[in-house]
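I have a structure here, written as structure tokens, and I will follow up with some questions on it.
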Amino acid sequence: MGLICLVAFNSCGTTSVVPPVTRELAQKSATGPTRVDLATLREGRTVFVSRCIECHTLPAVSSHSAQEWPRLIDEMAGRANLKPAEREAVLAYILAVHAQ
Amino acid sequence: MKKFVLPILLMSILPAIFALGGVRHFTFLYEANTSSRGSLELENWVTWQRTTGPGRFDRVDFRHELEYGVTDKFQASIYVADWFYENDREHSGFAYSDTAIELIYNLTNPVVDPVGLSIYGELRTGDRLLELESKLIAQKNFGPLILAYNATLESVWEGNHLAERQGEFSQALGASYEISPRISVGLELLHEFVLPEWHDEEKIRNLFVGPNVSYRRGNWFVTITALAQATDTEGEPDFQLRTIFGIGL
């Protein structure tokens with residue numbers, strides 16, 4: 001029972017903080033003003049869940065506005081040792097999830 | 001000798017103020033995530049142990065560690081120098097202890113996978129000392145809550161011709177909650193099974209438990225844990241306080 005609760009809790013927590021990249025998400029992004037493809041969104045999610053947790057737990061994407069995210073990521077990109085392409089991919093993923 | 005204690009303590013701590021890779025939320029446990037590729041971090045450890053009773057003594061251990069992200073899933077560290085200050089009724093003084101290398105390989109992610117796992121290996125050598133340590137690191141993040149578990153197996157050979165040997169199995173459990181982007185608080189529990197000469201006849205078991213707090217800002221962090229012994233093992237510290245200062249280079 002405990003294991004079932006743990007798995008259920010785990011699934012809910014992970015889905016809400018870092019939703020997976022779906023074709024629907026990618027299609028919306030590809031037709032949006034920033035035109036981001038599926039591979040970039042997947043890369044962005046991978047970087048988000050692996051590099052950002054080196055310093056802190058992951059905040060919900062909805063905890064900050066779409067206007068705040070670029071500044072927040074710029075502040076932390078140096079600390080997280082993000083390359084420009086990684087920084088762009090993380091931002092693209094976050095903004096795509098935020099727009100959902 | 002005592003007049004040198006403060007300057008030496010400061011010398012060991014000050015580099016951390018000037019000079020981040022991964023923030024540590026625990027000090028007696030490792031976390032599954034590894035440093036990113038190309039990142040370099042200096043960590044200074046200070047551990048104070050107090051043992052009471054007839055053989056009362058204090059010991060302060062110092063470690064200066066350089067940690068490098070070889071790939072995004074593999075990190076290598078060098079303990080440039082482990083040294084200590086010891087003070088009991090008969091003598092007090094500093095001594096070099098050992099130098100070590102540590103390797104950690106990350107297998108799964110603690111956010112998106114059911115459990116984040118890493119494997120750890122360490123080789124330590126010093127004056128009449130050889131130590132091998134392997135560890136399985138498990139971690140799961142639930143939003144602002146981090147749960148971590150370490151299972152460690154340690155083999156030590158020491159003394160003349162490294163004739164004395166000892167084994168130890170330990171497990172550690174930790175929880176850390178992020179109360180703000182900069183501050184986390186939590187608990188750590190350490191359970192040791194000491195095996196002199198690799199035998200378990202003496203049934204030596206130690207249990208330590210206590211709180212921790214971690215603060216991070218810019219490219220540095222500091223994490224402190226205070227552990228009290230919940231068992232009553234003679235010769236083992238009744239109290240331990242560990243501080244780790246980390247800074248990105």
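Nothing here was measured: the structure is a model prediction, and the numbers come from that model.
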Fill in: A:R23 atom CZ, neighbour heavy-atom count above 12 within 6.0 Å
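12 or below, so no.
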Worksheet item: Quick one: side chain to side chain donor-acceptor pair (under 3.5 Å) pairs with a partner in residues 240-249 of chain B, sequence neighbours left out?
Response: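 Matches after skipping sequence neighbours: B:T47-B:R242, B:Q49-B:Q240.
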Item to complete: Please indicate whether B:I78 has more than 12 foreign heavy atoms, meaning atoms of other residues, nucleotides or ligands, lying under 6.0 Å from its CD1.
Response: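 12 or below, so no.
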Discussion item. For the CZ atom on B:R205, are there more than 12 heavy atoms of other groups (residues, nucleotides or ligands in this structure) within a distance under 6.0 Å?
Written reply: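 Atom CZ in B:R205 is crowded, with more than 12 foreign heavy atoms closer than 6.0 Å.
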Fill in: Under 4.5 Å from any heavy atom of chain A - which part of B:S214
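Contact with chain A involves no heavy atom of B:S214 at all.
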Worksheet entry | Nearest-0.5 Å distance that lies between atom CD1 in A:I53 and atom CD1 in B:I146 |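 Taking CD1 in A:I53 and CD1 in B:I146, the distance rounds to 8.0 Å.
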Practice prompt. Enter the distance from A:N81:CG to B:N219:CG here, rounded to the nearest 0.5 Å.
Written response: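 With rounding to 0.5 Å, CG (A:N81) is 12.0 Å from CG (B:N219).
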Worksheet item: Rounded to the nearest 0.5 Å, what separation is found between the NE2 atom of A:H56 and the CZ atom of B:R216?
Response: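 The NE2 atom of A:H56 sits 8.5 Å away from the CZ atom of B:R216.
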Discussion item. Counting neighbours of OH on B:Y177 that are heavy atoms of other residues, nucleotides or ligands and sit closer than 6.0 Å, is the number greater than 12?
Written reply: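 For B:Y177, atom OH is not crowded (no more than 12 foreign heavy atoms under 6.0 Å).
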Practice prompt. Taking all non-hydrogen atoms of both residues into account, name the closest pair between A:A80 and B:S36 and its distance.
Written response: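 Of all heavy-atom pairs spanning A:A80 and B:S36, the closest is O-OG, 3.7 Å.
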Fill in: Over 12 foreign heavy atoms within 6.0 Å of CD, A:E24
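Open: at most 12 neighbouring heavy atoms sit under 6.0 Å from CD of A:E24.
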Discussion item. To the closest 0.5 Å, what do you measure between SG (A:C55) and CZ (B:R24)?
Written reply: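 Rounded to the nearest 0.5 Å, the SG-CZ separation comes out at 13.0 Å.
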Worksheet entry | Residue pair B:V112 / A:R45: nearest heavy atoms and the distance that separates them |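 Heavy-atom minimum between the residues: CG1-NH2, 3.5 Å.
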Fill in: Contact check, side chains of A:L58 and B:V111, non-hydrogen atoms, under 4.5 Å
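With C-beta onward as the side chain, the pair touches.
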Discussion item. If I measure from the heavy atoms of chain A, does B:R37 come under 4.5 Å with its side chain, its backbone, both, or neither?
Written reply: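 Contact with chain A is through both the backbone and side chain of B:R37.
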Worksheet item: Got a second to check how far A:R51's CZ is from B:S39's OG, nearest 0.5 Å?
Response: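 That separation rounds to 8.0 Å.
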Practice prompt. Answer with side chain, backbone, both or neither: which region of B:D72 has an atom nearer than 4.5 Å to a non-hydrogen atom of chain A?
Written response: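 Answer is side chain: those atoms of B:D72 sit under 4.5 Å from chain A.
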Discussion item. Could you work out, with side-chain hydrogen bond (donor to acceptor under 3.5 Å, both in side chains) as the rule, every residue matching B:Q229, not counting sequence neighbours?
Written reply: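 For B:Q229, the residues satisfying side-chain hydrogen bond (donor to acceptor under 3.5 Å, both in side chains) (neighbours in sequence not counted) are B:T231, B:T233.
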